[in-house]
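A short write-up of the structure that comes next.
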Amino acid sequence: MTQPVSQYLSIAVIGGTGPQGKGLALRFARAGHGVTLGSRDAGRAKEAADEVNAHRGDSGTALTGASNEDAAAGADVVLLAVPWNGHAELVASLADRLAGKIVISCVNPLGFDKSGPYGLNVEAGSAAEELQALVPTARVVGGFHHLSAVSLWEEEGLLDHEDVLVVSDDAEAKALVLELAASVVGRPGIDAGALRLARQLEPLTAVLIAINKKYKVRSGVRISGV
Ligand SMILES: NC(=O)c1ccc[n+]([C@@H]2O[C@H](COP(=O)([O-])OP(=O)(O)OC[C@H]3O[C@@H](n4cnc5c(N)ncnc54)[C@H](OP(=O)(O)O)[C@@H]3O)[C@@H](O)[C@H]2O)c1
C-alpha cells in the first residue's frame, strides 16, 4: 500500500514525539524513507521511534530517535512538527542545522476561544514565513497542514481521499515535497503556489476543526478540477 518513489530520503522530524510528527513519520517510513524522530530529549525520541516501529509492522524502514539537533544534522529533509507556541525559539535554536536544507513546515498557528478555533495573526505572515525569516538559507516548503494525526496513525491504507497542498518559493524543494506527498495520499501533492500562501493554508485548518466538531468527522481537503 505504498507508492514507488524515485529517491529515498533521509528525513528528520523535529517534534517527532507528538501525534502529527509520529503520524507523518509512520507514512514516510512505510514508503521506505529513512526517518529519525527528533525531540528535546533524545530518550523520548527513541521511545517514540520504538512506538512507531511497533505500529509500522514489517513494511518500510525502521525509524530511529535522536535529539532535535542530531536528527536535523543527519537529514536531507527536515519536517517541523512542533506547536506554534515556542516555534520561533525552537527554529532559532536549530538555525545552523537547518541552514541550506529543505525544511517542511506543517505548523498551524491556531487559537481557540468560546467561539471555537481560529487562525492567529502572525507578524511574519505565517509560521512558514517566520521560519524563512529566521533561517534565510533554508529551502522552506509548507505542506501537510490539513492531514489529521489520527487519520495518519489509524487509517490502514493511503489517505487517498485527501490532497496535500504544497507552497514554496524554491521550485526544486517544492517538487521533492510534491512527490513525498504520494507516500501519504497515494499521488503527488498539489502545487498551491508561493510560500506566502501559507498565510491561507495554515488557518484553513481552523475551518476543518470547526467542521469536525459540527459533523463529528475527520474532514480533509480535496481539490477538484486538477
Ligand atoms: N495534531 C494534528 O492533527 C495536526 C494536524 C495538522 C498539523 N498539525 C500541526 O503540527 C504541529 C505538531 O502538532 P502536534 O499535535 O504533534 O503537536 P504537539 O503534540 O503539541 O507537539 C509536538 C512535539 O513538539 C515538541 N514541543 C512541544 N512544545 C515545544 C516547544 N515549546 N519547543 C520545542 N518543542 C516543543 C514536543 O516534543 P518533545 O517534548 O519531545 O521535544 C511535542 O511532542 C503543530 O504545529 C500543529 O498545528 C497538527
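Any value given below was found using the heavy atoms of this structure, including those in side chains, with hydrogens, waters and symmetry copies removed. In each ligand, atom 1 is the first atom listed, and ligand 1 is the first ligand listed. Worth saying up front: this structure is predicted, and the values here are computed from it rather than measured.
Between D41 and ligand 1 there is no heavy-atom distance shorter than 4.0 Å.
Of the protein's heavy atoms, T17 OG1, 2.9 Å lies nearest to atom 37 (O) of ligand 1. Ranking the protein heavy atoms by distance from atom 20 (O) of ligand 1 puts P83 CG, 3.6 Å first. For atom 22 (C) of ligand 1, the closest non-hydrogen atom on the protein side is A81 O, 3.5 Å. For atom 7 (C) of ligand 1, the nearest non-hydrogen atom of the protein is N108 ND2, 3.2 Å. If you check which protein heavy atom lies closest to atom 23 (C) of ligand 1, you get G15 O, 3.5 Å. For atom 15 (O) of ligand 1, the nearest non-hydrogen atom of the protein is P19 CG, 3.6 Å.
Partner of L80 under the side-chain contact (heavy atoms from CB on, under 4.5 Å) criterion, out of L90, V140, I104: L90 alone. With respect to R139, the side-chain contact (heavy atoms from CB on, under 4.5 Å) criterion is satisfied by exactly one of E172, Q132, K174: E172.
In this comparison of R218, R40, Q20, K22, the heavy atom closest to atom 28 (N) of ligand 1 sits on R40. Of the candidates V82, V107, N85, it is V82 that places a heavy atom closest to atom 11 (C) of ligand 1.
The hydrophobic clustering, which links ILVMFWY residues whose side-chain heavy atoms are closer than 4.5 Å, places L197 and V141 apart.
Ion pairing between a basic and an acidic side chain is recognised when a charged N comes within 4.0 Å of a carboxylate O; E129 and R199 show such pairing. Here R222 does not pair with E162 in a salt bridge; the nearest charged N to carboxylate O distance is not below 4.0 Å. The pair R27-E155 fails the salt-bridge criterion, with no side-chain N (NZ, NE, NH1 or NH2) lying under 4.0 Å from an Asp/Glu carboxylate O.
Of all atoms in ligand 1, numbered sequentially from 1 with element shown, those under 4.0 Å from a heavy atom of H145 are 6 (C), 7 (C). Short contacts between ligand 1 and L147, defined as distances under 4.0 Å to a heavy atom of the residue, involve ligand atoms 5 (C), 6 (C). Ligand 1 places these atoms under 4.0 Å from at least one heavy atom of L90: 33 (C). Atoms of ligand 1 lying under 4.0 Å from any heavy atom of A149, numbered from 1 in the order shown and given with element: 1 (N), 2 (C), 3 (O). Per-residue contacts place C106 under 4.0 angstrom from the following atoms of ligand 1 (heavy atoms of the residue considered): 7 (C), 8 (N), 9 (C), 10 (O).
Relative orientation of the H55 and W153 rings is parallel, given thresholds of 30° and 60° on the angle between their planes.
Among all heavy-atom pairs drawn from R187 and V185, the shortest one is NH1-O, 3.0 Å.
Not one N or O of S148 is nearer than 3.5 Å to an N or O of ligand 1, by distance alone. Considering backbone and side-chain atoms together, S39 places an N or O closer than 3.5 Å to an N or O of ligand 1.
At a threshold of 4.5 Å between non-hydrogen side-chain atoms, the residues V103 and L79 do not count as touching.
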* **From CA spacing to verdict: side-chain contact (heavy atoms from CB on, under 4.5 Å), W84, V122** => CA-CA 10 Å; W84 170 242; V122 175; 3.6 Å; yes

